[in-house]
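Remarks on the structure that follows.
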Amino acid sequence: MAALVSVLEQLGPKVETAERWGTELAGILAGGARLLTAGNGGSAAHAQHLTAELVGRYRDERVPLSAVTLHADLSTVTAVSNDYGYDEVFARQVRAHGRTGDVLVLLSTSGASRNLLRAADDGRRSGLRVWALTGPEPNPLASVVDEAIAVDAPSAACAQEVHQVIVHLLCAAVDAALGVNAELHRDGSDRIRHATPGADALPRLGQD
């Protein structure tokens, strides 16, 4: 808990980046484009959590937003992995589903997963805006995407915990940009910016 609180206290400008991403994403999705996400292991769970909050809802009712997790289609994942190798599992789906103007969000605590690096490369070649949540910099993924939020965490587990906070901040910013629950969005962001050690340092997040 102490490590998590320490990392949250240091987020600072990265909170503003997450909020800006959310604001930009709201405009992109409201305009008919799509979000694609991917990750491996625990990062896959966080990537799928993000799309679930957008297709469903974060806190309050709003229109559903188009968001697809690339590892959730098991038939495609196993077919591509079997025929082309696991390094190609996300990149091929990016080429299939991504369109110019879409957004691709990749999550990786190491920032070194080859399948995500290939997805990032193909995403940018296809005209997608590519963002990443990673562990500490420098790392390969942060260097090849359009923009990254790199979490200077002492362990992969701690980085994943902070990634989940950032996912919720991003969702809150999307809702605020769409005119949904703006007051709660400001409250949650302020809690992160002004966090102090102890239980009160953690933001109140959505319900599951």
Side-chain angles (χ1 to χ4, degrees), residues 1-26 35-60 65 67-72 90 103-111 113 116 130-137 139 141-142 145 147-176 180-181 184-208:
M1 179 64 75
L4 174 59
V5 171
S6 177
V7 175
L8 287 172
E9 288 178 327
Q10 297 173 40
L11 279 182
K14 296 173 184 178
V15 173
E16 296 177 1
T17 300
E19 291 177 334
R20 176 170 51 78
W21 285 7
T23 300
E24 293 175 6
L25 186 60
L35 171 68
L36 305 177
T37 70
N40 296 290
S43 295
H46 292 309
Q48 194 163 354
H49 190 135
L50 172 57
T51 59
E53 303 282 31
L54 296 176
V55 175
R57 67 181 181 192
Y58 175 54
R59 282 174 170 160
D60 291 328
L65 302 170
V68 177
T69 303
L70 298 180
H71 53 266
F90 301 136
V103 177
L104 174 64
V105 174
L106 304 171
L107 292 85
S108 172
T109 57
S110 69
S113 301
L116 297 179
V130 184
W131 297 333
L133 299 182
T134 74
E137 288 183 297
N139 66 73
L141 185 59
V145 297
E147 197 169 5
I149 296 178
V151 175
D152 190 14
S155 68
C158 186
Q160 287 175 342
E161 291 160 356
V162 177
H163 284 177
Q164 184 55 62
V165 173
I166 294 170
V167 163
H168 276 174
L169 288 173
L170 196 157
C171 291
V174 168
D175 282 3
V180 179
N181 214 359
L184 281 176
H185 162 67
R186 288 192 294 271
D187 177 66
S189 298
D190 288 344
R191 285 176 181 269
I192 294 293
R193 287 198 188 91
H194 305 298
T196 55
D200 289 340
L202 300 177
R204 296 175 185 171
L205 301 178
Q207 298 178 353
D208 276 328

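Count residues from 1 along the sequence. Heavy-atom basis, side chains included; hydrogens, waters and symmetry copies ignored. Here the structure is a predicted model, which is why all the values come from computation and not from measurement.
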Q | side chain to side chain contact (heavy atoms under 4.5 Å, CB included) between Val167 and Leu133, worked out | A | CA-CA 9 Å; Val167 163; Leu133 299 182; 4.3 Å; yes
Q | side chain to side chain donor-acceptor pair (under 3.5 Å) involving His46 - partner list, sequence neighbours excluded | A | Gln164
Q: Show your working on side chain to side chain contact (heavy atoms under 4.5 Å, CB included) between Leu170 and Val105 and close with a plain yes or no.
A: CA-CA 12 Å; Leu170 196 157; Val105 174; 5.6 Å; no
**Q.** Side-chain H-bond candidate by donor/acceptor type, Thr51 with Thr37, under 3.5 Å
**A.** no
Q | Distance (rounded to the nearest 0.5 Å) between His163 NE2 and Ser108 OG | A | 8.0 Å
Q: Identify the heavy atoms of Gly111 and Asn139 that sit nearest to each other, and give their distance.
A: CA-OD1, 3.5 Å
Q: Under the side chain to side chain contact (heavy atoms under 4.5 Å, CB included) rule, what do Ser43 and Thr109 come out as? Steps first, then yes or no, please.
A: CA-CA 7 Å; Ser43 295; Thr109 57; 4.2 Å; yes
(Q) Give me the atom names and distance for the closest heavy-atom approach of Ala173 to Glu19. (A) CB-O, 3.5 Å
**Q.** Minimal non-hydrogen separation, Val174 against Gly22, with atom names
**A.** CG2-O, 3.4 Å
Q) Is there a side-chain contact between Leu65 and Leu25, using heavy atoms and a 4.5 Å cut-off? A) no
Q: List the atom of Gly39, the atom of Ala44, and the distance in Å for their closest heavy-atom pair.
A: O-CB, 3.3 Å
Q. Of all heavy-atom pairs between Trp21 and Ala132, which one has the smallest distance, and what is that distance?
A. CH2-O, 3.5 Å
(Q) How close do His71 and Ala38 get, counting heavy atoms only, and between which atoms? (A) ND1-CA, 4.0 Å
Q) Who are the side chain to side chain donor-acceptor pair (under 3.5 Å) partners of Thr17, not counting sequence neighbours? A) none
Q | Distance in Å, Phe90 CZ paired with Thr69 OG1, rounded so as to fall on 0.5 Å steps | A | 10.0 Å
Q: Run through Leu106, Ile149, Leu141, Leu116 and flag the one making a side-chain contact (heavy atoms from CB on, under 4.5 Å) with Thr134.
A: Leu141
Q: Using the test salt bridge (Lys or Arg N to Asp or Glu O under 4.0 Å), find all partners of Glu147 that sit at least two apart in sequence or belong to another chain.
A: Arg20
Q | Point-to-point distance, once rounded to the nearest 0.5 Å, from SG of Cys171 to CG of Leu50 | A | 5.0 Å
**Q.** Trace of the side chain to side chain contact (heavy atoms under 4.5 Å, CB included) decision for Val151 with Ile166
**A.** CA-CA 10 Å; Val151 175; Ile166 294 170; 3.9 Å; yes
